[in-house]
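The block underneath contains the structure these notes are about, expressed in structure tokens.
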Amino acid sequence: MQRPEVLRLQDKVLTRAKELITREIKLCKMLRAMISGELEAIVLNGDMDELFSILERKDEIISQLQLLADGWRDIFTEAGIECKANPDGFGKYLLELYPDDAELPGLIEQTHEISESIIKAENEAVEEMSKLHAGLRGQMVNRVHGRNAAASYARMGGSWIR
């Protein structure tokens, strides 16, 4: 039988872990919504100002997620648990530590689903951004060619007909 202080520490670790997972889910949902907005700004509206605004806000969310990752390490260190798993493995590790918790599997499954959704959407956004970049590059090349043609035309006297 485990000592009461060990049980309290385990309960504290589980409670803090669930809090972090819940925050992570919330941040990931916000990030996913921003990626959708990013795609809309690129594809539907061609609104570069909105796109840059969204990218800036995405950076803030990503920074918060990075701080959250540090929180995972803090939890395990505080509890004296040596967890050599990377952040992706924390969910599996928690399920091994707390196999009887009814809420934990659902929370972890949500994080996996939203993460997969983010990866898929981000790949789509990158693809659309590449298309936009190629289109802009093509427009710039056409303008340069147009300027060169205008300069040649001006050098030749500006008119073919005299």
Side-chain angles (χ1 to χ4, degrees), residues 1-140:
M1 178 170 225
Q2 292 185 336
R3 297 186 327 227
E5 61 271 5
V6 172
L7 292 175
R8 278 194 300 277
L9 180 61
Q10 286 179 342
D11 288 343
K12 182 179 175 185
V13 169
L14 180 59
T15 300
R16 287 193 56 213
K18 285 181 180 180
E19 289 170 2
L20 283 179
I21 292 171
T22 302
R23 283 182 35 213
E24 182 177 343
I25 290 169
K26 180 181 175 186
L27 289 170
C28 285
K29 285 181 178 180
M30 291 170 60
L31 183 60
R32 179 62 182 91
M34 286 180 185
I35 294 169
S36 292
E38 181 181 345
L39 280 165
E40 186 175 314
I42 296 168
V43 177
L44 298 178
N45 303 332
D47 187 344
M48 296 306 288
D49 291 333
E50 179 64 15
L51 175 62
F52 288 130
S53 173
I54 291 168
L55 291 173
E56 199 172 289
R57 292 190 317 258
K58 272 178 57 179
D59 282 345
E60 293 171 15
I61 298 295
I62 291 167
S63 293
Q64 290 178 35
L65 285 167
Q66 288 171 335
L67 290 173
L68 205 64
D70 293 339
W72 283 112
R73 283 187 280 289
D74 293 345
I75 285 176
F76 286 113
T77 300
E78 181 182 313
I81 299 169
E82 186 177 334
C83 181
K84 295 181 182 178
N86 61 25
D88 295 334
F90 286 161
K92 182 179 178 184
Y93 190 70
L94 284 170
L95 289 173
E96 291 171 5
L97 287 174
Y98 305 102
D100 298 330
D101 188 84
E103 189 180 20
L104 197 55
L107 289 171
I108 291 171
E109 180 63 28
Q110 282 184 52
T111 63
H112 290 195
E113 288 172 1
I114 192 76
S115 295
E116 288 173 11
S117 172
I118 286 171
I119 291 168
K120 182 180 176 184
E122 189 65 30
N123 287 339
E124 186 178 343
V126 166
E127 184 178 314
E128 291 300 326
M129 191 84 74
S130 294
K131 289 178 187 175
L132 176 66
H133 182 259
L136 290 173
R137 188 177 327 128
Q139 288 177 7
M140 289 174 64

(request) Could you tell me whether Arg23 and Glu19 make a salt bridge, using a distance below 4.0 angstrom between a side-chain N and a carboxylate O? (result) no
(message) If the threshold is 4.0 Å, N to carboxylate O, is there a salt bridge linking Asp101 and Lys18?
(response) yes
Quick check for you: to the nearest 0.5 Å, what is the distance between [X] atom [atom1] and [Y] atom [atom2]?
X	Y	atom1	atom2	value
Glu38	Asp47	CD	CG	12.5 Å
Arg32	Ile119	CZ	CD1	11.5 Å
Leu107	Leu20	CG	CG	11.5 Å
Leu55	Met48	CG	CE	8.5 Å
Leu27	Glu60	CG	CD	11.5 Å
Trp72	Ile21	CH2	CD1	4.0 Å

(message) For the backbone of Val126 and the side chain of Ser130, can you confirm whether one donor and one acceptor N or O come within less than 3.5 Å of each other?
(response) yes
(request) Kindly check if the number of other-residue, nucleotide or ligand heavy atoms within 6.0 Å of CD (Glu56) is above 12? (result) no
Search all heavy atoms of [X] against all heavy atoms of [Y] and return the closest pair with its distance.
X	Y	value
Ala125	Ile35	CB-CG2, 4.2 Å
Pro105	Ala102	CD-O, 3.6 Å
Leu104	Leu94	CD2-O, 3.7 Å

(request) Please say which of Thr111, Ile61, Ile114, Leu68 ends up in a side-chain contact (heavy atoms from CB on, under 4.5 Å) with Cys28. (result) Ile114
(request) Starting from the C-alpha separation in whole Å, work towards a yes-or-no answer on salt bridge (Lys or Arg N to Asp or Glu O under 4.0 Å) for Lys120 and Glu124. (result) CA-CA 6 Å; Lys120 182 180 176 184; Glu124 186 178 343; over 6 Å; no
(request) With side chain to side chain contact (heavy atoms under 4.5 Å, CB included) as the test, would you mind laying out the steps for Lys58 and Glu122 before giving the verdict? (result) CA-CA 11 Å; Lys58 272 178 57 179; Glu122 189 65 30; 2.9 Å; yes
(request) Indicate yes or no: at least one non-hydrogen side-chain atom of Thr22 is less than 4.5 angstrom from one of Lys26. (result) no
